[in-house]
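First comes the structure, then the notes that go with it.
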Protein chains: 2
Amino acid sequence: MIAVKPRYQQLKDLIIERISRGELLPSDRVPSENELVESEKVSRMTANRALRELNNEGYVERVAGRGTFVADYRSRSHLVEVHNIADEIERRGHTHSSQVVRQSRQRARGEVAKALHVEQGTEVFHLLLVHYENGTPIQIEDRHVLTSFAPDCLAQDFEAVTPSAYLTGVAPLQEAEQVVRASMPIAAVRQRLQIDASEPCLVIIRRTWSGGRPVTFARLHHPGSRYELTGHYTPPGTSRAASGDVVRLEKLSQ
Amino acid sequence: MIAVKPRYQQLKDLIIERISRGELLPSDRVPSENELVESEKVSRMTANRALRELNNEGYVERVAGRGTFVADYRSRSHLVEVHNIADEIERRGHTHSSQVVRQSRQRARGEVAKALHVEQGTEVFHLLLVHYENGTPIQIEDRHVLTSFAPDCLAQDFEAVTPSAYLTGVAPLQEAEQVVRASMPIAAVRQRLQIDASEPCLVIIRRTWSGGRPVTFARLHHPGSRYELTGHYTPPGTSRAASGDVVRLEKLSQ
DNA sequence: CTCATCAAGTTGTATATACAGGCTAGTACA
DNA sequence: TGTACTAGCCTGTATATACAACTTGATGAG
């Protein structure tokens, strides 16, 4: 695209860039329309359009009389929905805990190498955790992460901060792809989820991009009898105006 | 909400209303900005904002130099993603067929009445179909529809036109809610899907609204070994501008 | 000290105006 | 006949201006 972007788009890019770089953190104040008029030499209507669209897209929250503020990741349902399993459980009023089974450096092969777009044998981090809701196993998280993306991955305490929360902090998610399946688990999975041989698993296989390339690949196994995936959709035109709170895809986390 | 809506929102509502009523059909021309200036006594910028937002929300397509046109339902990935199973299968280059097992009037009770917000015992339509991909069963569609929503439901040939396609034609979808589960099916389901007792099902339970109230409630059973749900998400700020084609939730159909 | 009032800054909306650029149909010209 | 061009309509953007409504903090009266 050689054509110059319109001015309002340049303003949007400018602010998204500052947010992505962590220069502006959630709930920080974003330059007001009049400040943008001065600093960027645009008319107020142009600044208004930029901030208004960023608001519609979920990047910022605007309050008449107060100002414009960087939206909390949590409320950014347009960006990849960032619920980690811990939040999800706590929102239900239950207690979350997790146990790290494996946290190691490992050579990617087969499916993993392919999913992460790396050569067979490339070193990646491997995490294996079991998440519990009120002491009952609810998810096995089997995750591979690009070493270049999160170099300090081995030093993290993932029983204190979930991988999802950690990875979100390392860099903003930009794209996600997931597959949901129903399947019978192997014995090792059954044992960790404490389910019997007749119970299926809801399996989510998720790949997440940042900076244009896949950075993490996760397989999440859930006991079929204790977990379900819910989604709720409302089109922008209708209830956006009415309720103001649109949830696009619940429980899609990193 | 007693407060009057802003003028640009009134214009949007006006046009959405015309589309919903079928007065404006896909690819029909929508009044131009200047026509709205005259007929609605607004400034061009206000008309511009209304049409621009309708464009962003997927209701219309705009072409500089030509005009504004009602978008094809199919391309409205913002509204509830309207893939019916037949399209999905044909896109894979396979052939779709279906068999109607039951198509009747029935009294709603229990879960169905609750889901559709009607009294126990209210008459609703009940559809039970099996969908096949290349002759192999891929989905059992167990659907209940409000009689007031689709009065001619019993007269339809659902082996020719899928319920999803029919219902989309009757009125536009406005809201959808779904739950995805993995579970072991009962014998009747196993038999219809031609699977053995050790195979789980991916079950989608979906409720769809139109005009502010639930109009259809569907339970979709898929063989776990032959079906998976895929989703791909790209945030608006990033690839919207880049690719221009954002798919929000694949395979979510009515 | 407390409460009411007010000023300043902010967003939200609406209008008038202007120019650039895309598309189409009809016209003029060869 | 056919081609080039242009007038007219369309969207897309940008600016200047105006007023309303909301929020906060300061100021002043009681």
Side-chain angles (χ1 to χ4, degrees), chain A residues 1-15 19 24 27-72 75 236-237 240-245, chain B residues 1-15 24 27-71 75 236-237 240-242 244:
Chain A
M1 197 203 294
I2 308 171
V4 296
K5 289 184 181 177
R7 200 74 182 87
Y8 77 90
Q9 185 62 51
Q10 292 178 31
L11 293 189
K12 288 174 65 178
D13 291 345
L14 184 79
I15 290 163
I19 295 174
L24 289 173
S27 86
D28 274 2
R29 191 169 168 285
V30 170
S32 73
E33 297 181 0
N34 282 319
E35 286 166 353
L36 288 174
V37 167
E38 293 227 337
S39 69
E40 301 299 322
K41 307 296 178 196
V42 295
S43 76
R44 205 200 124 205
M45 283 308 295
T46 301
N48 175 270
R49 176 165 178 184
L51 291 178
R52 175 163 30 95
E53 293 193 359
L54 286 176
N55 180 232
N56 288 337
E57 290 162 12
Y59 287 99
V60 301
E61 297 284 334
R62 312 197 79 194
V63 184
R66 289 189 1 100
T68 304
F69 307 88
V70 177
D72 193 328
S75 65
R240 237 286 145 111
S243 77
D245 193 356
Chain B
M1 196 203 296
I2 308 168
V4 297
K5 288 185 181 178
R7 201 74 183 87
Y8 75 90
Q9 186 63 52
Q10 293 178 30
L11 293 189
K12 288 174 65 178
D13 291 345
L14 184 80
I15 292 164
L24 290 173
S27 86
D28 274 2
R29 191 169 169 286
V30 169
S32 73
E33 297 181 1
N34 281 320
E35 285 165 353
L36 288 175
V37 166
E38 294 227 338
S39 69
E40 300 299 320
K41 307 298 179 195
V42 295
S43 76
R44 206 200 122 206
M45 283 308 294
T46 300
N48 175 269
R49 177 166 177 183
L51 292 177
R52 172 160 36 91
E53 292 193 358
L54 286 175
N55 179 234
N56 289 337
E57 291 161 14
Y59 288 97
V60 301
E61 298 282 335
R62 311 196 78 195
V63 185
R66 290 193 356 104
T68 303
F69 306 89
V70 178
S75 66
R240 238 284 144 115

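Chain identifiers are assigned alphabetically (A, B, ...) following the order of the sequence lines, protein sequences preceding nucleic acid strands; residue numbering begins at 1 within each chain.
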Protein-nucleotide distance ([X], atom [atom1]; [N], atom [atom2]), rounded to Å:
X	N	atom1	atom2	answer
B/Phe69	D/dC10	CZ	C1'	9 Å
B/Glu38	D/dC9	CD	P	11 Å
A/Arg52	C/dT10	CZ	C1'	15 Å
A/Glu61	C/dT10	CD	C1'	16 Å
B/Lys12	C/dG12	NZ	C1'	14 Å
A/Glu53	C/dT11	CD	C1'	16 Å
B/Asn48	C/dA18	CG	P	17 Å
B/Asn55	D/dT13	CG	P	10 Å

ask   = Got a sec? Which of residues 27-36 of chain B come in under 4.0 Å of DNA chain C, heavy atoms?
value = none
task = Could you walk me through whether A/Glu33 and A/Arg62 pass side-chain contact (heavy atoms from CB on, under 4.5 Å), step by step?
result = CA-CA 11 Å; A/Glu33 297 181 0; A/Arg62 312 197 79 194; 2.9 Å; yes
message = Is it true that B/Gln9 and B/Asp13 share a donor-acceptor pair across their side chains at a distance under 3.5 Å?
response = yes
Spacing of [atom1] belonging to [X] relative to [atom2] belonging to [Y], to within rounding of 0.5 Å:
X	Y	atom1	atom2	result
A/Asn56	B/Asn56	CG	CG	8.0 Å
A/Leu24	A/Ile15	CG	CD1	8.0 Å
A/Asn48	A/Glu53	CG	CD	9.5 Å

ask   = Should we say atom CD of A/Gln10 is surrounded by more than 12 heavy atoms from elsewhere, each under 6.0 Å from it?
value =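 Yes, because the 6.0 Å sphere around CD of A/Gln10 holds more than 12 heavy atoms from other groups.
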message = Please determine whether the number of non-hydrogen atoms from other residues, nucleotides or ligands lying under 6.0 Å from atom CD of A/Glu38 exceeds 12.
response =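 For A/Glu38, atom CD is not crowded (no more than 12 foreign heavy atoms under 6.0 Å).
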Quick one: is [N] close enough that its OP1 or OP2 comes under 4.0 Å of any side-chain N or O from [X]?
X	N	answer
B/Tyr8	C/dA14	no
A/Ser43	D/dA16	no
A/Arg66	C/dG9	no
B/Arg49	C/dT13	yes
A/Thr68	C/dT11	yes

Counting heavy atoms from C-beta on, name the nucleotide in [options] closest to the side chain of [X].
X	options	result
A/Arg62	D/dT13, D/dT11, C/dT11	C/dT11
A/Met45	D/dT23, D/dT11, D/dT17	D/dT17
B/Val63	C/dG12, C/dC23, D/dT15	C/dC23

message = Determine whether A/Arg66 and A/Glu61 satisfy the following criterion, salt bridge (Lys or Arg N to Asp or Glu O under 4.0 Å), listing intermediate values before the conclusion.
response = CA-CA 11 Å; A/Arg66 289 189 1 100; A/Glu61 297 284 334; over 6 Å; no
task = By nearest nucleotide on DNA chain D, pick out whichever of A/Gly65 and A/Val42 is the more 5' one.
result =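 Nearer the 5' end of the strand: A/Val42.
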request  = Classify the side chain of B/Arg44 versus the base of D/dG12 as yes if they form a donor-acceptor pair under 3.5 Å and no if they do not.
outcome  = yes
